[in-house]
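First comes the structure, then the notes that go with it.
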Amino acid sequence: MRIGELSRRSGVSPELLRAWERRYGLLRPLRSSGGLRLYSSDDVDRVRLMREHMAGGLAAAEAAALAAGAVEGARHAQPALDLAALRSGLSDALDRFDEPGAQAILDALLGAATLESILSVVVLPYLHDLGARWERGTASVAQEHFASNVLRGRLLALGRGWGRGVGPLALVGCLPGERHELGLIAFALALRARGWRIAYLGADTPLDTVGEAARSLAPALIVLVSSTRKGVEESADPLRVLAEHHRIALAGTGARDVAAPPGVIVLTGDPVAEAERVTTIVGDGSA
Amino acid sequence: MRIGELSRRSGVSPELLRAWERRYGLLRPLRSSGGLRLYSSDDVDRVRLMREHMAGGLAAAEAAALAAGAVEGARHAQPALDLAALRSGLSDALDRFDEPGAQAILDALLGAATLESILSVVVLPYLHDLGARWERGTASVAQEHFASNVLRGRLLALGRGWGRGVGPLALVGCLPGERHELGLIAFALALRARGWRIAYLGADTPLDTVGEAARSLAPALIVLVSSTRKGVEESADPLRVLAEHHRIALAGTGARDVAAPPGVIVLTGDPVAEAERVTTIVGDGSA
Amino acid sequence: MRIGELSRRSGVSPELLRAWERRYGLLRPLRSSGGLRLYSSDDVDRVRLMREHMAGGLAAAEAAALAAGAVEGARHAQPALDLAALRSGLSDALDRFDEPGAQAILDALLGAATLESILSVVVLPYLHDLGARWERGTASVAQEHFASNVLRGRLLALGRGWGRGVGPLALVGCLPGERHELGLIAFALALRARGWRIAYLGADTPLDTVGEAARSLAPALIVLVSSTRKGVEESADPLRVLAEHHRIALAGTGARDVAAPPGVIVLTGDPVAEAERVTTIVGDGSA
DNA sequence: ATAGGTTTTGTCAAGCTTTTGTACAT
DNA sequence: ATGTACAAAAGCTTGACAAAACCTAT
């Protein structure tokens, strides 16, 4: 806003506002191409605060120093959308086997936040937490089954049509024995958001099955997930063979600290970040 | 649409619209073969947004930057499920009599969101908006008919089989003279999602027909809708009689501020919320 | 009809009708042997639509483009529905790893047929056929994985919110070792269509997990599925224990010809029919 | 606080083109 | 029926202008 509007909102004359700027540096407005001062709504707060301090008896110079600093501080204390609260609400609902409640929270999330932030701030941390509670024995297997199925249904629905388009094709699946497909779906969604096409094979996919599909689809990338190191080691030989003909990425906690066959990209970070990285790698190489 | 129509809809003179385009790039209309500017309905929104910002005290240049940026920004930081965009897409498709386009958007919505949120965030607001436009004369009767028929077909398809099952039975219909059944269908779907069985009588149902049906079906609840107050008042006497033998709920904007006969539940809120409330009431009473 | 009649019905002068034809191609009348224009009743609609659009403020050129397109669109939108053809189309699309194609067919199905008929005429026979082809070695494991995941995502989306409501609660899951959950989902959907609430535990659920969930949810029925006889036999003992406290139904081809523990309902038919039967049994008993 | 100059923005005008309904001659 | 013509309405571009708001400097 320009100086007139700021004056109206704050009750301080334009001349005085300019004086405060020159003398105390209270405000640092941007300038238009013609030189007019352009203020933000923060500046209104700053000016109001300054007036309050002066009404409280402070000298102008002191009031300005306080007002300039205070608004900076307040800025950091305001969360836009309370993702943390929604995450714990989701967690509670799923623990209670409350499917409608969980769906309602997911609706709210999907309508208000980006897919990526939902994945990396809500869903993936929730899964991680559920896994930890399961190991400590404070979450039951039934809760884990129930929650997985609710989330899986929802995430798969978001992937509807992910095979369509003109982007590079990613063939995605879990290594044999691996049953946790939520991380894989999250990864596939993150790839999809970057323009990839997805062919989804799901949980517990034998490697010769992957090979079969790869022969007929000729994907630009094969993504395999395993949450256990053992799963990766047991598949080491067929992986090596597969890697001779296709570009392969290996993800999941099981892929860490494993000697990957040559040519296999190891993805150790979170799905969203790694999807970005893989997109860069493949994009540079092939396009 | 051409500049004159945009001017009429937005309340901004053609000269000014051209000036805003030249100076701030607020709009980027297509051109006809002869060079005339052709605008979309998005542009109406943009201009309205600009005027709102100016009414809020912003200078034209800043207001334009915000209005143009709002669309850009929405595109960049897209929520996973952009309900607002889908709603306006639906609105555009129906305005254009583009039935396949509308169906595709409904497909996408049904795949990704809960029926409830689709009803309360997309369909019902759309109906409300259509009604408002119709009153202002900016929507034609043909458009309203077309849109109603597409939505009614789709929603009724979702209700297919809603009479089956084990839940309490709701007998639903419109009061005599009432022809807008979409709100009623939405209400019935929300009840169905809560386990009710539905017997659907549709638009413009004489009350003795309702009485007959009620005698043979013994419903746990009769839901009647009227969008006009007059409709409710004219049916006051037979309603009173019906209420002696059955539990009745009265919904629709016509039900507001009306002296309801004793024993009649008046539902003034949106269908989804009221379906929840009614379910609680009846659930407490009977189960 | 000739141009005079069309003019009378549509309220547009013959000269103007000819101008619209020449300029915008709005109508393409047949010609009599003498060269007179011959119109169909569709053309009346087109002209009326054009006038509606113009009344709505659109310029003639734009109105004509919309009117000509809308009638085209409406024509394409009503092909009769051939379930058998759609089923084989679905099968082909899934065999080809063509996810978008499969989704489009599912869209068409869901828009035009009841869920029940889709399940019993398309999805379940398709699964049966896929199993048979797999045994004969004419379908690959990769195809089966891919198809299962597409269908599972779609069916789970249809079940969204199935935990809500006032109906009896069914706790559903696959027996340990059982990985084919599509039949289970179909069964759950058929129950839901009859007013049941569903708590879904998914594939490969340990029986103590089921017991845990049952203790906290107190379901009216527990549904367990197994496609192999071996799965049932191995779980015989814990099943007996579970049956002492809960009403249990056992479904899937594995449930046939097995000596069921006392009190366990054995469901040997197709999911839709058996859902009906179970609803009758439980409905008679409790309501 | 004032003076004198600058920027911003809504409006208008002139001269020409496009669009579109109607009319007329063949 | 066809083709052409015509005129009113609406639109385009360029350019200008004046009031309001804002700038710097004194």
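In the text below, chain A, chain B and the rest are named by the order of the sequence lines, each starting its count at 1.
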Interatomic distance, A/Arg22 CZ vs E/dT26 C1' [rounded to whole Å]: 11 Å

Closest heavy-atom pair and its distance - B/Ala112, A/Leu158: CB-CD2, 4.3 Å

Euclidean distance, atom CD1 of residue C/Ile3 to atom C1' of E/dT2 [Å, nearest integer]: 12 Å

B/Ser227 and B/Glu178: side chain donor to acceptor below 3.5 Å: yes

N or O in side chain of C/Trp20 less than 4.0 angstrom from D/dG21 OP1/OP2: yes

B/Arg37 side chain, from C-beta outward: closest of D/dT9, D/dT20, E/dT13: E/dT13

Distance below 4.0 Å between A/Arg31 side-chain N/O and D/dT6 OP1 or OP2: no

Non-hydrogen side-chain atoms of A/Arg164 and C/Gln103 separated by less than 4.5 Å: no

Distance, rounded to the nearest Å, where B/Arg23 contributes CZ and E/dT14 contributes P: 14 Å

Phosphate contact (D/dT20 OP1 or OP2) by B/Arg2 side-chain N/O below 4.0 Å: yes

Phosphate-side-chain proximity, B/Tyr24 and D/dT8, N/O vs OP1/OP2 below 4.0 Å: no

Protein-nucleotide distance (B/Leu58, atom CG; D/dT8, atom C1'), rounded to Å: 15 Å

Of the listed nucleotides D/dT8, D/dG21, E/dG11, the one nearest the side chain of B/Leu36: E/dG11

Nearest-neighbour nucleotide for the C/Ala60 side chain, D/dT20, E/dC22, D/dT9 considered: D/dT20

C/Leu17 CG to E/dT2 P, straight-line distance once rounded to whole Å: 13 Å

OP1 or OP2 of E/dA21 under 4.0 Å from side-chain N/O of A/Arg18: no

Separation of D/dT22 P from C/Glu15 CD (nearest whole Å): 8 Å

Phosphate OP1/OP2 of D/dT8 contacted by A/Ser32 side-chain N/O (<4.0 Å): yes

Nearest-angstrom distance from the residue atom CG of B/Leu38 to P of D/dT18: 14 Å

Value in whole Å for how far the P atom of D/dT19 lies from CD of B/Glu5: 18 Å

Over 12 non-hydrogen atoms of neighbours within 6.0 angstrom of CZ in A/Arg194: yes

For A/Asp107 against B/Ser117, the heavy-atom pair lying closest together: OD2-OG, 3.1 Å

